[in-house]
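These notes concern the structure reproduced below.
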Amino acid sequence: MRTDPRTPHPSRLSPGNEHYEVIMNAHADACASGSPGYLDPISGLFTMTAEYHLQRGTCCDNGCRHCPYVDGA
C-alpha cells in the first residue's frame with residue numbers, strides 16, 4: 001500500500017522499471033513548475049501529474065500513471 005499518493009502505484013509504474021528514475025524526475029520537475037503534466041521522456045506522450053489529479057479531485061478511470069486514487073488497479 002502506498003503512503004504517498006504522489007508516488008505511482010506499482011501497477012502503473014513499477015519502481016523496478018528501468019526508466020523509473022528519469023520518469024519520476026520529469027514528474028518532479030513538472031510538479032515544481034506548477035505544470036499539469038509533462039512529456040514522458042520515454043514515450044513522448046503528455047502525462048498528467050499527481051498534483052493535477054489531486055486538484056481535479058476525482059479519478060477519471062483512464063488508467064493514469066500518477067493517479068493518486070488507484071488502490072490496486
Side-chain angles (χ1 to χ4, degrees):
M1 182 170 177
R2 294 181 298 170
T3 57
D4 183 355
R6 289 165 181 82
T7 301
H9 190 279
S11 67
R12 303 285 174 91
L13 179 62
S14 170
N17 182 303
E18 66 179 303
H19 303 293
Y20 185 85
E21 189 174 326
V22 71
I23 291 169
M24 291 305 293
N25 286 340
H27 180 257
D29 290 347
C31 290
S33 71
S35 176
Y38 62 95
L39 289 180
D40 181 276
I42 307 309
S43 70
L45 298 174
F46 191 76
T47 305
M48 306 308 283
T49 66
E51 296 293 333
Y52 170 82
H53 291 293
L54 287 168
Q55 290 174 5
R56 186 174 185 272
T58 58
C59 179
C60 63
D61 294 321
N62 284 320
C64 300
R65 174 185 288 159
H66 297 287
C67 181
Y69 306 107
V70 67
D71 291 326

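The side chain to side chain donor-acceptor pair (under 3.5 Å) pairs that include a residue from residues 15-29 number zero, where partners must be two or more places apart or lie in different chains. For residues 30-42, the side chain to side chain donor-acceptor pair (under 3.5 Å) pairs, not counting sequence neighbours, are Y38-R65, Y38-H66, D40-S43, D40-R65.
Nearest heavy atoms, P41 versus A26: CD-CB, 4.1 Å. What you find for P10 and P15 is that their closest heavy atoms are CB-CD, 4.3 Å. Taking every heavy atom of both residues into account, G44 and L39 meet most closely at O-CD2, 3.6 Å.
The closest side-chain heavy-atom distance from P68 to R6 is not below 4.5 Å. Under the 4.5 Å side-chain criterion, counting only non-hydrogen atoms from C-beta, P8 is in contact with M24.
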Throw together a table of side-chain donor-acceptor distances under 3.5 angstrom for residues 56-64, partners on residues two or more places apart or in other chains.
residue	atom	partner	partner atom	Å
R56	NH1	T58	O	2.9
R56	NH1	T58	OG1	3.3

